[in-house]
Amino acid sequence: MIPFYSSFAQVSGQEISAFWLWQLLGRFHPLIVHFPIGLLIVAGLMELITLGKFKHPLRSGIRFLVVLGSLSAILAAIMGWLLAENEGVSGSSLDLHKQIGFVAAGLSLILLYFLRKTEVQQDSNSIKLFRMLLFFSGIGVGIAGHFGASLTHGDDFLTEVLPWNEETSAPPSLTVNLASFTSEISSEQEIQLVTNVRSVLAHNCYKCHSGAKIEGELRLDEREYVFAGGENGPIIVHGNPGKSDIIRRISLSKNHDDVMPSKGKLLSDEEIQLLTLWVEKGAPWPDGIEQQSVFRVAELEPRKPNLPPSKSGLENPIDLWVDQYFLENKLSWSQEVDDRTYLRRIYLDIVGLLPSPEELAAFEKDLNLDKRDAWSQDLLNRNDSFAQHWLTFWNDALRNDYTGTGYITKGRFAITDWLYSSLRENKPYDLFVKELLNPTEKSKGFIEGIKWRGTVNASQRTEMQAAQNVGQVILGLNLKCASCHDSFVSDWKLDEAYAFANIFADTTLEVSRCEQPTGKMAKTKILWEELGPIDSTSAKAEKLRQLADQLVQPANGRMYRTVVNRIWKQMMGRGIVEPADEMDNLPWSQDLLDWLAVDFVENGYDLKRLIFQIASSKIYQSQSIAVVSPAQLLAEDFKFEGIIRRRLTAEQFSDAVSELAAPLFDSSEVKFRPYELIPESKTTLGYNRASLVANNSFLTALGRPNREIVSTGRDSQASLLQALELSNGERLNKTLEIGGQNWALNFPDPDQLTREIYLRALLRGPNEKELAVAKKVFGENPDPNEVQDFLWAIFLLPEFQMID
């Protein structure tokens, strides 16, 4: 006989079984709940369109959406109640979710009544009430949905991605094989076990339970505190995981009141198994283990490994290292891209512009066996085009912009003149950094930071901004956490961050912990003392000179690995180390990273040479790899297979539209004119390049950051904001309107018009199907409005928007 009952719930202290059918129906809640959220919100948006005319053609559609949305809201509320009652779930977020859900369901029921009333009477009061109820119902199901998402994804699911809530990367995989631990473990295994336990605690628990912040009187950063427990007593019973409160709490479901961590992601199954095994083995904690880092720390010193043996067809040293990696990971080389794909890729990567059909034709006719190297070198020699493209990359990284917070109040200084000249003349990177750290009047803006108006946090004073920004951009190091308290994500301490910030200060800084002054004055020293001392008694200018000299010395291998990694990521779509600001993370090829960094130093700190070295490699010229989401690039099991397919940046897309349709930006928006600085840099382009204009809503929608904080990478994924801007944005629409008129006037023949647009936009002619569609659209005489729509369709093609 099949039992009616299959699970258990707690009622009045008695363990009773829950009817399986109610459980089954409850579990349909996540499926049904999306209907009212989507249907009622869309119905509300459609109702806005009919505000001036109730008898609108959309009325029948609104009625259908309201009926289906209201009924599904009621059904979802019932199923949600069954789910909560029969799954043993509790918590304040659930209570709020249930309350708002039932209110939304009640409003939906009343909404159905007034829908019927408006159909019968159509009086103004009924219509007003119906519309009000519809809007409130839509808002209600939306809010209920948000709290539902909080139950499954965490309370901070939305806010954790905001810049000011940014955290660093997740902990690395465990470095021990749990299955290898037998009943008796050696002293060496004890060290391995507790090192991994401390790593899990550091990444997941120190935010609330360490010397910097103690909740529930519990600290987990040192042995004596771990075993002492918290306000409710010990959390570990040696040898007995079943009676250890720490194991109970980390094993609870996301929605339980006692679950730990209470915010953010729960521990993985592997991490829970590790802690359980550790307690089971008696929770060993050998003496002196605290002195061992639980975080991976990259070597400071440079290292140049010997190149792998030469191999036919792999003349570039980069390819020798990649080939070795492929052999070790059983990966295969992909095919080389054709001339058209390569030329488009190299133009966009080096000068940020599309090649013309004429340039492609010349490239294809070039019989030089080394023509790819020759053409990429020619692009690198186009100093102004190169500088105007790479200006975007460095503006993001160095927090330099033309307008924004601080410029009006003189609390911020632009470095554009210095930066452009440095890029144009290909200034050696060691000198580039020295002039940023020990600045001239034109280059001081980077370490001067932004002087915010009014009271600011201690961790955001300009000296600390300088320390954070230099650490992030030049050293691939996150000091933001350590600027407020001892870091949760690295071994860096608050005192060390203040000592580094003190180099940028006119007077000695007082250390503040979590914004509270400690009365302790900061020391003055570089983050790695082996690079040399800083004279704390010297004036600021002398301290900066010492810092600049010591940081750029070849012995600082970290600095040169960081810049090599940044350029590699810009060219290849993914860094050798990811994230690029976390250079302590494990690279997919330590040998390649180390070799490139030393080679960069040995060859004059030449950024253009580095770019050429990457561009001339076989791996750069191979077919691109598509990724489903950015998370795939950050996965712990990431395997490098080749160059990543990327989306055009805001500036690249804008320049392409300006070239093919009409200028997107007028002269009033241009904030930097290179020819005013360097007369011979006068451009022959018929439009203003996007890298030279002030930020605006169009560029922001396409991914340009506001540059009030350092930005060392942009998301290559399309967003809803981008889709809205490209489909209905006023700026693009006006530009395409002018472009449609110009194309229709210059190419009245529809066949010639179609072929020319395809050639200039995609570097190929249309195929038969595309040509047939265009002829059907244009007819005998292309209308400007039709050409405008045609241009818009071309610009939205993945083939146009992606760097393949």
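- Residues Q590 and R303 have side chains that never bring a donor and an acceptor to within less than 3.5 angstrom of each other.
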Verdict with supporting geometry, Y498 and T518, side-chain contact (heavy atoms from CB on, under 4.5 Å): CA-CA 12 Å; Y498 265 92; T518 64; over 6 Å; no
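- Rounding to the nearest 0.5 Å places OG1 of T700 at 8.5 Å from CG of L721.
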Worked check of side-chain contact (heavy atoms from CB on, under 4.5 Å) between W492 and N478: CA-CA 9 Å; W492 294 109; N478 176 16; over 6 Å; no
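- Within the model, atoms CG of D258 and OG of S251 stand 12.5 Å from one another, a figure rounded to the nearest 0.5 Å.
- Between atom CH2 of residue W285 and atom CZ of residue R223 there is a gap of 8.5 Å, rounded to the nearest 0.5 Å.
- Across all their heavy atoms, L494 and S512 have their closest contact at CD2-O, 3.6 Å.
- Cation-pi geometry between R574 and F638 is satisfied (NZ or CZ under 6.0 Å from the ring centre, within 45° of the ring normal).
- Defined by atom type and a distance below 3.5 Å, a donor-acceptor pair is missing between the side-chain atoms of D549 and Q553.
- What you find for R412 and R707 is that their closest heavy atoms are NH2-O, 2.7 Å.
- For A283 against F227, the heavy-atom pair with the smallest separation is O-CZ, 3.4 Å.
- Checked for salt-bridge contact, D495 and R513 miss the test: no charged N lies under 4.0 Å from a carboxylate O.
- Scanning all heavy atoms of the two residues, the minimum distance from A397 to F446 falls at O-CE1, 4.3 Å.
- A 6.0 Å sphere centred on NZ of K540 holds more than 12 heavy atoms belonging to other residues, nucleotides or ligands.
- T524 and N502 share a donor-acceptor pair across their side chains, judged by distance under 3.5 Å alone.
- Put simply, CD1 on I235 and CD1 on I250 are 9.5 Å apart, with the number rounded to the nearest 0.5 Å.
- T537 and D535 form a side-chain donor-acceptor contact under 3.5 Å, judged by distance and modelled atom types alone.
- Annotation: cation-pi geometry satisfied between K444 and F413 (NZ/CZ under 6.0 angstrom from ring centroid, within 45° of ring axis).
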Full working for salt bridge (Lys or Arg N to Asp or Glu O under 4.0 Å) between R561 and E301: CA-CA 10 Å; R561 291 187 196 100; E301 298 79 10; over 6 Å; no
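- Rounded to the nearest 0.5 Å, atoms NZ (K569) and CG (L633) are 8.0 Å apart.
- Under the 3.5 Å distance criterion, with hydrogens and angles disregarded, a donor-acceptor pair is assigned to the side chains of S483 and Q468.
- Side-chain contact, Q546 with E542: a donor N or O sits under 3.5 Å from an acceptor N or O.
- Taking the six-membered ring where tryptophan is involved, the planes of W568 and W588 are tilted, since the angle between them lies from 30° to 60°.
- Of all non-hydrogen atoms in P705 and R714, the two that sit nearest each other are CD-NE, 3.6 Å.
- Nearest approach of R558 to D584, heavy atoms of both residues: NH1-OD1, 2.9 Å.
- For the atom pair NE2 (H209) and CE (M260), the distance works out to 5.0 Å, reported to the nearest 0.5 Å.
- Between E435 and K427 there is a salt bridge, since a side-chain N of the basic residue sits under 4.0 Å from a carboxylate O of the acidic one.
- Between the side chains of T405 and E708, at least one donor-acceptor pair of N or O atoms lies under 3.5 Å.
- Note on ring orientation: taking the six-membered ring where Trp is involved, the planes of F432 and Y429 are parallel (angle under 30°, cut-offs 30° and 60°).
- Contact check on R249 versus D245 returns a salt bridge, with a Lys/Arg side-chain nitrogen under 4.0 Å from an Asp/Glu carboxylate oxygen.
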